[in-house]
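The structure appears below as structure tokens.
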Protein chains: 2
Amino acid sequence: MNSKLVASLREAIGLAGLHDGMTISFHHHLRNGDHVLNMVLEEIAGLGIRELTVNASSIFDVHAPILEHIQNHVVTKLQCDYMAATVGRAVSQGILDTPVEFRTHGGRPRDIALGRTPIDVAFIAAPTADPMGNCSGKYGKSACGSLGYAFADARYAKKVVVITDNLVPYPLQDWSIPETDVDYVVTVDAIGDPKGIVSGTTRITRDPVGLVMASQAAQVIRHSGLLKDGFSFQTGAGGASLAAAKFLKDIMVAEGIQGSFGLGGITGYMVDMLRAGCFRSLLDVQCFDLQAVESIRDDPRHQEISAQHYAAPGDRSAVVDSLDVVILGATEIDTDFNVNVHTDSSGSIMGGSGGHSDTAAGAKLAMIIAPMFRARLPIITDHVTCISTPGRDIDVLVTQGGIAVNPNNTELQRRLSDAGLPLLDIRALKEKAEAITGKPRALPRGDRVIAQVFGREGQLQDVIYNVPQK
Amino acid sequence: MNSKLVASLREAIGLAGLHDGMTISFHHHLRNGDHVLNMVLEEIAGLGIRELTVNASSIFDVHAPILEHIQNHVVTKLQCDYMAATVGRAVSQGILDTPVEFRTHGGRPRDIALGRTPIDVAFIAAPTADPMGNCSGKYGKSACGSLGYAFADARYAKKVVVITDNLVPYPLQDWSIPETDVDYVVTVDAIGDPKGIVSGTTRITRDPVGLVMASQAAQVIRHSGLLKDGFSFQTGAGGASLAAAKFLKDIMVAEGIQGSFGLGGITGYMVDMLRAGCFRSLLDVQCFDLQAVESIRDDPRHQEISAQHYAAPGDRSAVVDSLDVVILGATEIDTDFNVNVHTDSSGSIMGGSGGHSDTAAGAKLAMIIAPMFRARLPIITDHVTCISTPGRDIDVLVTQGGIAVNPNNTELQRRLSDAGLPLLDIRALKEKAEAITGKPRALPRGDRVIAQVFGREGQLQDVIYNVPQK
């Protein structure tokens, strides 16, 4: 029987020819339940290979063991689109000699495809695979749904290792990544912890502030001129964003509006909208919860897309170019509407653009939902600590204290004003918040660049400095 | 609304930057009903563009107008995997100054991917498309099912024009080729004639000679040691091959054998085998009939595959590498088991390898079914006019007069002998035929090379000479 199965991960690493100084890649569909990045790095460390670049679509808290490999110089450079706080804090304290390279979910596959960030060996965490490497995220005990972020890694890496805990007979019927992209297949006991891979369906917020923002957000969309047949929509998985989606669904159902597609990381709330007839299809680059995983497996209207198809900039197109409305978050937004989603209130890394910049650039209406302040720190500042998404791509900020429209979008300004929504200049909104919280002190900032933020078109958009230790 | 729609095919050709000396490409899923190749060449001729190379996965009789464009030097070179007799005859008579380049269905996408045969502008005949270029062959009045041969063209061509007669709202839900590969979309009244695109289900042969061969073929497979759970199978659409599939199905159902997959150009007979439980899935690069088109649209076990995934040689894998048995045809086979499917009894081009060489190389058992003679010309010769598939890849020849096993396959020889099947040395089979037909005269052959036949690994395998005019 023809097979690409090898006896162990260690053997696959050897066959792939991995050696010092190379770049390896990972995708993050197993989210905070992922075992694969850690097990691969442990094997590599055991083999004595050093000075690797890790290109991971996202790095989660579960990946904290990478810090030890950084200290031991097994890993000397990171490239990612998102980095959770545990690793982010260590990076912000200066654990790496080389700055982290942040990209967007669309910029990452574009740079891989163009050879700007070549990958030597890609490791694909595959919830189901056959012995020739055809693989899928839809089936198996570690099912995660879409494998959209991994497509570019599989297609363009010099060597591709599929790691699975559910090997099925050839051929896997409903593959996402074809055997033509795969060199080796390894079976392990568990590629992840199902509890961390997908949550149960996230509950919408019950927080009164969140509900006010969500309701206002739905009204902004209703009056934007975009909510009509053919409407398309993306939202994040935060409580207020999901509440906004729920309010939006109620409006669409009541008014009989038939949208075209829901996009993005998909939650059960988007699945509910599909089933309620709000969309003809869902285009899914990542499943956030079990309901989304079941839907992408069973409902042909719910389709997997690659990160390139989702969001890559270039001379052809991606779905974000056809998107009407996206709801996004922010840790900071400044009076030029620049948004920070990379660093927290201490300036320490705890996020990243993901699809933030891509969808903001593509969507006709890019909305930020954020409270006026968090833990008595105002959200609106004069200058964000880090420009994750440039203000030119943001159309409106919705807070519990009022709505600020980017003055560049005069049509939206007029429409929302005509609808009687509570509009304020973003500077007035900033003052309103500061009247409650007081003016925050300037952040202490180090003088060493510990991260570079590349905009989705590939340009160096901003840098992040180290956080001085107390 | 975002859109890649352009007003006319002429405008798309202009925007794509087509100029003298470039290469354009086509795929053949619309078969003898295709209008697209002809309409594109007519526009190009009208624009005064000349000296083009046409890389078409196959050229059918419906494409006869290309001969006029060759005479007018609009087209000066052809690359294809198959060429039907109308154009083949003119090529054999020397209409082109440059030899035709024949490749296999697997070699063609490999050479496109490697940049050996770069495509400047690919024209994709799409039975359904949306305004951003997501397209499918499964839906619309010109539905053809799989678009498998077009994937490489779409992915690697510098510019890609989708031509459709069924434009649907964005996003097309179940796309085959994504918008990320597409530059322009053009709508036309009809991309093809449904009567020529897919036939009704082909009837199995009722010819007694064909039925004898089919029955023997099924017995060879039964006793090959391969017909067991997990069995995989491909067959052509000829009457005797289909009859063999029917006999095979009866055996599999009676014996409760559950195969793994059916592969290739798919007919209703393969769909029947899927439904009867003979296979877990069908992997489909091209639909031959309406039943196959309906099945690939409606049955998730029936999956579209790209030509690369189907058959491309290389360092990873294609499905043919996992294939157990393929049934193939021949216009000639020689005593070294070399097979000719390129030329007819006069030496004139009337075919091509298609997937013949790819499946023969990949399959554990590659079987030729052919009558001992056609129109009193024996099939077995000392040396085939053209080596389409090398004899080392052919395991057995089944005729109505006996079965000849390639002596290299001693295990098959033993198994079939043990089963009591009527085995003969291929030389004895040749003599048996010639005892009936007499020894044929040698073919008159010209001295000019009018075609090059590249083996699937990319090497020049044989050449075809012109046919002297009487």
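By convention in this document, chain letters (A, B, ...) are assigned in the order of the sequence lines, proteins followed by strands, and residues within each chain are numbered from 1. Quick caveat: nothing in here was measured; it's all calculated off a predicted structure. Below, all heavy atoms of this structure are taken into account, side chains as well, without hydrogens, waters or symmetry copies.
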Heavy atoms only, distances under 4.5 angstrom: which of A:Asp183, A:Asp174, A:Asp324 has the most pairs with chain B? Name it, please.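 Winner by heavy-atom pair count: A:Asp183.
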Based on non-hydrogen pairs under 4.5 Å, which of [options] is most in contact with chain A?
| options | answer |
| --- | --- |
| B:Ile305, B:Asp321, B:Val319 | B:Val319 |
| B:Pro171, B:Pro300, B:Ser281 | B:Pro171 |
| B:Pro178, B:Ala318, B:Ser317 | B:Ser317 |

Is there a side chain to side chain contact (heavy atoms under 4.5 Å, CB included) between B:Asn134 and A:His309 once you walk through the steps? CA-CA 10 Å; B:Asn134 296 292; A:His309 197 172; 3.0 Å; yes
Would you name the heavy atoms of A:Ser260 and B:Tyr170 that are closest together and state the gap between them?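 The answer is CB-O, 3.5 Å.
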State, to 0.1 Å, how close A:Trp175 and B:Leu283 come at their nearest heavy-atom pair, and which atoms those are.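 Closest heavy-atom pair between A:Trp175 and B:Leu283: CZ3-CD2, 3.6 Å.
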About how many Å separate OG of B:Ser322 and CG of A:Asp130, when rounded to the nearest 0.5 Å?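 That separation rounds to 8.0 Å.
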What do the steps show when you test B:Thr180 against A:Gln308 for side chain to side chain donor-acceptor pair (under 3.5 Å), and what is the final call? CA-CA 7 Å; B:Thr180 47; A:Gln308 282 181 291; over 6 Å; no
Within a 6.0 Å radius of atom NZ on A:Lys158, are there more than 12 heavy atoms belonging to other residues, nucleotides or ligands?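 Yes, the 6.0 Å shell around NZ holds more than 12 heavy atoms from other groups.
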So does A:Arg280 get a backbone contact from the side chain of B:Gln173, meaning a donor-acceptor N/O pair under 3.5 Å?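 Pair found, side chain donor or acceptor close to backbone of A:Arg280.
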Set out, in order, the CA-CA distance, both residues' side-chain angles and the distance that settles side chain to side chain contact (heavy atoms under 4.5 Å, CB included) for A:Met132 and B:Arg316, then state yes or no. CA-CA 9 Å; A:Met132 297 301 282; B:Arg316 285 170 171 176; over 6 Å; no
Contacts with chain A made by residues 110-120 of chain B (heavy-atom distance under 4.5 Å), listed by residue number: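 Within residues 110-120 of chain B, no residue comes under 4.5 Å from chain A.
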